Colleague: 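Attaching a single structure in C-alpha cells format; questions to follow.
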Amino acid sequence: MSQFLFVGSDNDKVSELYRALSLSPYSDAVIDLAFSHLEAQYLLSSHDYSLVFAQQSYVTTDFIEMLRDSEAPIPVVALLSSEEALNGEKMLGAGAVDFLAKSEINEAHVARAIRYGLAQRQSWLTLRSSEDRHRVLMQNSAQGLWLFEFAPPISLLAPHEEQVHDIIQRARMVECNDVNAQMYGFVRAAQMQGLWLRNVMGDGGAETTAFLRKFIDANYLLRDAELMERDRYGDPKHFLCNVTGIIEDGYLVGAWGAQSDITQTRKSETKQARLAAIVEASDDAIFSSTLNGVILTWNRGAEEISGYSAAEIIGQCTEMIVPPERVAEMQSVLERVRQGERLSRLETQRRHKDGTLRDICLSLAPLLNTQGRIIGVSGIGRDITAQKRTEEERSLSEKLYQALARNFPNGSVYIIDHRSRIVLAEGQGLAPVGLKRETVLGKTIFQVFGETPTYAEIQSAYTKALEGNETVFEAEIQGHIRLVHVVPVRDEQGTVISVLAMTQDVTEQTRWRLALERSEKLYSTLASNFPNGSVLFLDRDLRFVFAQGRGLRQFGINGQQIVGKSLHEVLGAIPGAERVMPLYRRALEGKESSDEVVINGLHRWLHIVPIREDGKVIGVMGMSQDITRRKKTERALRASEELNRAILDSVLANIVVLDQKGNITAVNEPWRRFAHENELHDESLCAYGIGTNYLEVCAQCMGSAAEYTTPAIQGIRDVLAGRLKNFTIEYPGHFDGQKHWFQMTVTPLTIEKGGVVVTHHHRATTSGNGTPPQQRASARLLR
C-alpha cells in the first residue's frame, strides 16, 4: 500500500486528488494531510511516505532539498493554481519532479505523475546505494560524464521534431563530473549541476538539432557521435559522445552521456588540411627532399614551373632538373642546409621538361623531425623568368626614357615623389627658365618655385595626380609660357607611386593662338551681324564647320546646331535649295559663283567661293543676302514705269522729258510717230532724239523764228533753275501746205535729279504755203 502526503490548505484540490486516486491504479493509496511545512515535517519524521503532493505556494527549494536529503529521498509533485506553463517550469526549477495544472488533476495525469515520481524515487535510492562507486567513477574518469533528466518526461510517441524541441527545453543537468564541467569552461561540476540545457546552448543550433535527431533515430543509444557546441565564453568545442537514454513506460525520463574533448585534434586536422590546401593551391613550387637531394614531395606549383608531374619526379634526384653547369652550386647549397643554414632569395636556374632554362628564386630551410634533428630540405621556388625579362626591359626602358627626357624638344620632364621632391629633371627646356638639373634634384616644388602663382598651379596639379587625376594647364615661367601636363605614375597594381610632369614652351604658339582667337572673335562678330544675310563655311564633304548671320533665322536654322551636319541634311527639305547645291559643288572644283535664287519664297543673292590652302581646295565659303525687298521694289518700279509709259503714250501731244542739263531722256509715242511721218531717217532717229541736248538744237533754229525760239529756250531754263514753276508759249508752224498753231508747256519734275517735261499741243490750223520755221526747228531737233 502506497502512502502519500498532501501539503496545502486548498480543500478543493484535496477532493479532486482523492477522486483521481480512487479511479487510478493507486486507489488503495493512503493520503495524509499537512496544512503547513512544520506539520509536514512532523508527519514525515513519523511515517514512511513515498511521494508528496504540494500546492504551488508550498513548493520551496528548502522544503524540496529537505525531502531529497532525507534518509529515504521523497519526490514532490507540484499542484498548480492556474494553467500557466511558466508556473510549472518554476516548480521544476525549484526541484519538483513533475507538476499538474488545475485541469490535469484527473485519473490519467495523476497516475502518470505518481508513476514517474515513484520511478524517480527508486532511481534515487539506487543511485544512493551505489553512491560511493559512482563518485569514484565520476571523479576518476578521463571522460566527461553527465546525467540529464527531462522534466516532465518526453513521450516516445511524439513526432521526432517535437522530441528534439522538448529535449532542448526540458533537459536539466542533474549530475556531471569536474572533467565535463572543465570542457565547458567551468572549474567544478557543482557550477553546471542544475543548469537547463537551453540555458547552455540556447534554442540549439543546426548541429545540435542534427545530433539529437541522430540520437532519436538510433533508438536513444548513440555511439561515437561528434557534436560541436560552445563553452561559456562562446568558443567552439568539438566532442566525441556516447549517449544512452533512460526510458520508462514509453517516456524518455533522462539520458546518460560520456564525451571526450577532440577540439585540439579537429583544430590540428583543420590546420593540416588548410596547410595542405595552401601548399597545393600555391603558384609557387613547394617541395622537400632528403639531404642527398632525393625529392620527397612536389606540389602543383612545382609541376607548373618544372613541367614534371609529382608522379614523374618524386623519388628522383634534384639533379634531374639542375643544368650541368649549376650542379656544383646545388651541392654547395645542400651542404649549407645540412649545417642548419637557412637560405633566402637565392637566384639560380632550373631546366624545364621542354629543355628550356628558367630563372628561379629559391628559399631553402632544414627539415626537422620531432626530436629537432635535420632529416631533409624544405624549399619554396618561384619562376622569375618573366620578372627578369621585365627587369631587363625596364632597365632598357629607363635608359631610353632618360635619353628621351634629356633631349625632350623645347621642354622638360620631371618626376616628383610622394614627398613632393623632384627625383628626375631632364630636357632642353630647363635652361631657358633658369633651372639646372643639378640644382633642382632632391628639392621640393616649393623650394624650386617659391611662393608664386606658378607654384600654386603646379602644387594643385600634383595633389590631383596623387589622387589619380590628370591636369593640363598653361603657366608663365620666367617670361616663357609653358604647357604643363601632369599625370599620375602607377605600378602594376594600379597604385599611384609618383607624379610625371611634362612641359613644353608654347610662347609663340600662345601668341599666335591669342591673335587667332581675337581674329576669330572679330570675324565671328562680323558674321553674326552680317546685314540681312549669313556666312557659311563647309569642308570638303560639304559639312558645316561654321554658320553665322541674322539671315539664318529666316529659315529656322541655328548656326551652332548645324555644325557637323551635311549641306543636304540642312537644306534638302527647303523648297528652292536644289539650285544652291550645284553652286557649292562648283566651288569644290575651284570655281567661284554668284547668282540670285528663290529659297523658301525668299530672294537671295549668293556668292560662293572655294577656300584654298597651299593651292588645294579645302572647303567652301558661302555668303548670302536677302534681296526680297529690293526685288519687290524693282517690280514696283517697273510697274510704275510701264504705267507712266502707257499714260505718256496715250496723250495726243508731243512730249519730251529733259534732264537738268536739257538733255532728252524720254519721248512719247506721238513724238516718235511725228519723226516717222516726217521721214527723219538719219542715225539719231534710232533713239528718237534721246541723249540729244534739246536747248542746243533749239538755239540752232534762230533767225526769223527768234521771236518764239528765244523766249522758249529761256522759259525752259527758268523752270529747270526753279525760277518759274511752269512756262507756256504759243508758236506758229507751216506744213502740209497749211499754217498751224502750237502751245508749248514746260513743267518741272519733282524727282531728286530734277528735270522738266516739255509738251507740244496742236492748237489750230490755217491755209497757207510753206513750212513754218518752228516746224523745221522741231524736225532738226529730232535729228
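Worth saying up front: this structure is predicted, and the values here are computed from it rather than measured.
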Colleague: Just by modelled atom types, is the Val496 backbone N or O under 3.5 Å from a matching donor or acceptor in the His418 side chain?
Modeller: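 Yes, because the side chain of His418 sits within donor-acceptor range (under 3.5 Å) of the backbone of Val496.
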
Colleague: Can any side-chain N or O of Gln163 pair as donor or acceptor with the backbone N or O of Ala158 at less than 3.5 Å?
Modeller: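 Yes, Gln163 side chain to Ala158 backbone: donor-acceptor pair under 3.5 Å.
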
Colleague: Which distance, rounded to the nearest 0.5 Å, do you find between the CD1 of Ile416 and the NZ of Lys443?
Modeller: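 Output value for this atom pair is 14.5 Å.
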
Colleague: Sequence neighbours excluded, which residues qualify as salt bridge (Lys or Arg N to Asp or Glu O under 4.0 Å) partners of Glu248?
Modeller: none

Colleague: Answer yes or no: is there a donor N or O on one side and an acceptor on the other, between the side chain of Arg350 and the main chain of Ser306, under 3.5 Å?
Modeller: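 Such a contact is absent between Arg350 side chain and Ser306 backbone.
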
Colleague: Starting from the C-alpha separation in whole Å, work towards a yes-or-no answer on side chain to side chain donor-acceptor pair (under 3.5 Å) for Glu226 and His238.
Modeller: CA-CA 7 Å; Glu226 286 194 29; His238 293 268; 4.9 Å; no

Colleague: Considering non-hydrogen atoms only, spot the tightest contact between Thr348 and Glu329 and give its length.
Modeller: OG1-OE1, 2.6 Å

Colleague: Given Gln459 and Phe446, is the side chain to side chain contact (heavy atoms under 4.5 Å, CB included) satisfied, shown in steps?
Modeller: CA-CA 8 Å; Gln459 181 63 37; Phe446 179 77; over 6 Å; no

Colleague: Any carboxylate oxygen within less than 4.0 angstrom of a Lys/Arg side-chain nitrogen, looking at Glu303 and Arg300?
Modeller: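 Salt bridge between Glu303 and Arg300, a charged N being under 4.0 Å from a carboxylate O: no.
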
Colleague: Sub-3.5 Å donor-acceptor pair from the side chain of Asp359 to the main-chain atoms of Gln349, do we have one?
Modeller: no

Colleague: Between Trp298 and Phe287, what is the ring plane arrangement, given parallel below 30°, perpendicular above 60°, and tilted in between?
Modeller: tilted

Colleague: Does some side-chain heavy atom of Tyr414 sit less than 4.5 Å from a side-chain heavy atom of Leu435?
Modeller: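 Answer yes - side chains close enough.
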
Colleague: Closer than 3.5 angstrom, by distance alone: can the side chain of Arg421 be matched with the main-chain N or O of Gly442 as a donor-acceptor pair?
Modeller: yes

Colleague: Rounded to the nearest 0.5 Å, what separation is found between the CD atom of Glu175 and the CZ atom of Phe148?
Modeller: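 Output value for this atom pair is 12.5 Å.
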
Colleague: Within the 4.5 Å heavy-atom criterion, are Ile374 and Leu368 side-chain neighbours or not?
Modeller: yes

Colleague: Would you say the side-chain atoms of Thr209 pair up with the backbone N or O of Ala206, donor to acceptor, closer than 3.5 Å?
Modeller: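 It does hold such a pair.
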
Colleague: Output yes when a side-chain donor or acceptor of Asn292 lies under 3.5 Å from a complementary backbone atom of Val294, and no otherwise.
Modeller: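 Not at all, since once roles are kept as given, no pair shorter than 3.5 Å links the two residues.
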
Colleague: Where do Ala425 and Leu441 come nearest, in terms of heavy atoms and distance?
Modeller: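 Where Ala425 meets Leu441 most closely, the heavy atoms are N-CD2, 3.7 Å.
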
Colleague: So, for Val322 and Val327, which heavy atoms are closest and what is the spacing to 0.1 Å?
Modeller: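 In this case the closest contact between Val322 and Val327 is CG1-N, 3.8 Å.
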
Colleague: Evaluate the side chain to side chain donor-acceptor pair (under 3.5 Å) criterion for residues Gln339 and Glu335: first the C-alpha distance (whole Å), next the side-chain angles of each, then the deciding distance (0.1 Å), finally the verdict.
Modeller: CA-CA 6 Å; Gln339 301 302 318; Glu335 181 58 34; 2.8 Å; yes

Colleague: Which atom names give the shortest non-hydrogen contact between Ala225 and Phe211, and what distance separates them?
Modeller: CB-CE1, 3.7 Å

Colleague: Do the side chains of Lys464 and Val486 get nearer than 4.5 Å, heavy atoms only?
Modeller: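 They are not in side-chain contact.
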
Colleague: Taking NE2 in His165 as the centre, count heavy atoms belonging to other residues, nucleotides or ligands within less than 6.0 Å. Is the count above 12?
Modeller: no

Colleague: Between atom CG of Leu500 and atom CD1 of Ile415, what is the distance when rounded to the nearest 0.5 Å?
Modeller: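 If I round to the nearest 0.5 Å, the distance is 6.0 Å.
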
Colleague: For residues Val253 and Phe150, determine if any side-chain heavy atom of one lies less than 4.5 Å from a side-chain heavy atom of the other.
Modeller: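 In short, these two side chains do not touch, never coming nearer than 4.5 Å.
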
Colleague: Do the non-hydrogen side-chain atoms of Glu161 and Leu212 ever get within less than 4.5 Å of each other?
Modeller: no

Colleague: Under 3.5 Å, is there a donor-acceptor pair between the side chain of Tyr462 and the main chain of Ser420?
Modeller: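 Yes, the answer is positive, given that a donor and an acceptor are paired below the 3.5 Å cut-off.
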
Colleague: Report the distance from atom CD1 of Ile380 to atom CD1 of Ile360, rounding to the nearest 0.5 Å.
Modeller: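 Answer rounded to 0.5 Å: 13.5 Å.
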
Colleague: Just verifying a value: how many Å separate Leu362 CG and Arg345 CZ, rounded to the nearest 0.5 Å?
Modeller: 11.0 Å

Colleague: Just by distance, no angles: are the side chains of Thr297 and Ser288 close enough, under 3.5 Å, to form a donor-acceptor pair?
Modeller: yes

Colleague: Drop me the distance from Ile167's CD1 to Ile154's CD1, to the nearest 0.5 angstrom.
Modeller: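 The CD1 atom of Ile154 is 5.0 Å from CD1 of Ile167, to the nearest 0.5 Å.
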
Colleague: Glu476 versus Glu457: any side-chain heavy-atom pair under 4.5 Å?
Modeller: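 No. Closest side-chain heavy atoms not under 4.5 Å.
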
Colleague: Is the shortest heavy-atom distance from the side chain of Val377 to the side chain of Leu367 under 4.5 Å?
Modeller: no

Colleague: Apply the test side chain to side chain donor-acceptor pair (under 3.5 Å) to residues Asp261 and Thr263: give CA-CA distance (whole Å), side-chain angles for both, the deciding distance (0.1 Å), then the verdict.
Modeller: CA-CA 6 Å; Asp261 189 344; Thr263 302; 2.6 Å; yes

Colleague: Could you please spell out the steps behind the side chain to side chain contact (heavy atoms under 4.5 Å, CB included) verdict for Val97 and Trp124?
Modeller: CA-CA 12 Å; Val97 297; Trp124 294 343; 3.6 Å; yes

Colleague: Ion pair present between Glu149 and Arg172, side-chain N to carboxylate O less than 4.0 angstrom?
Modeller: yes

Colleague: Charged N to carboxylate O under 4.0 angstrom, Arg213 versus Asp217?
Modeller: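 Looking at Asp217 together with Arg213, the answer is no, because their closest N to O distance does not fall below 4.0 Å.
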
Colleague: Has Thr318 got a side-chain atom pairing as donor or acceptor with Gly293's backbone, closer than 3.5 angstrom?
Modeller: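 Yes, the answer is positive, given that a donor and an acceptor are paired below the 3.5 Å cut-off.
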
Colleague: Test Asn180 against Leu145 for side chain to side chain contact (heavy atoms under 4.5 Å, CB included), laying out the working first.
Modeller: CA-CA 6 Å; Asn180 187 79; Leu145 302 177; 5.9 Å; no

Colleague: Taking the six-membered ring for Trp, are Tyr184 and Phe239 closer than 6.0 Å centroid to centroid?
Modeller: yes

Colleague: Between Gln182 and Val187 (side chain of the first, backbone of the second, donor and acceptor by atom type, cut-off under 3.5 Å), is there such a pair?
Modeller: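 Such a contact is found between Gln182 side chain and Val187 backbone.
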
Colleague: Parallel under 30°, tilted from 30 to 60°, perpendicular over 60°: which one fits the rings of Tyr220 and Phe215?
Modeller: perpendicular

Colleague: Are side-chain heavy atoms of Cys176 and Gln191 found at a separation under 4.5 Å?
Modeller: no

Colleague: Please test Gln259 against Trp146 for side chain to side chain contact (heavy atoms under 4.5 Å, CB included), starting from the C-alpha separation and ending with a verdict.
Modeller: CA-CA 9 Å; Gln259 63 189 41; Trp146 49 263; 3.2 Å; yes

Colleague: Thr208 and Met228: which non-hydrogen atoms are nearest, and at how many Å?
Modeller: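 The pair with the smallest heavy-atom distance is OG1-O, 4.4 Å.
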
Colleague: Please check if atom CZ in Arg382 has more than 12 non-hydrogen atoms from other residues, nucleotides or ligands closer than 6.0 Å.
Modeller: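 Count not over threshold, so no.
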
Colleague: Looking at Ala255 and Val243, what are the two nearest heavy atoms and their distance?
Modeller: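 Reported closest heavy-atom pair: CB-CG1, 4.3 Å.
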
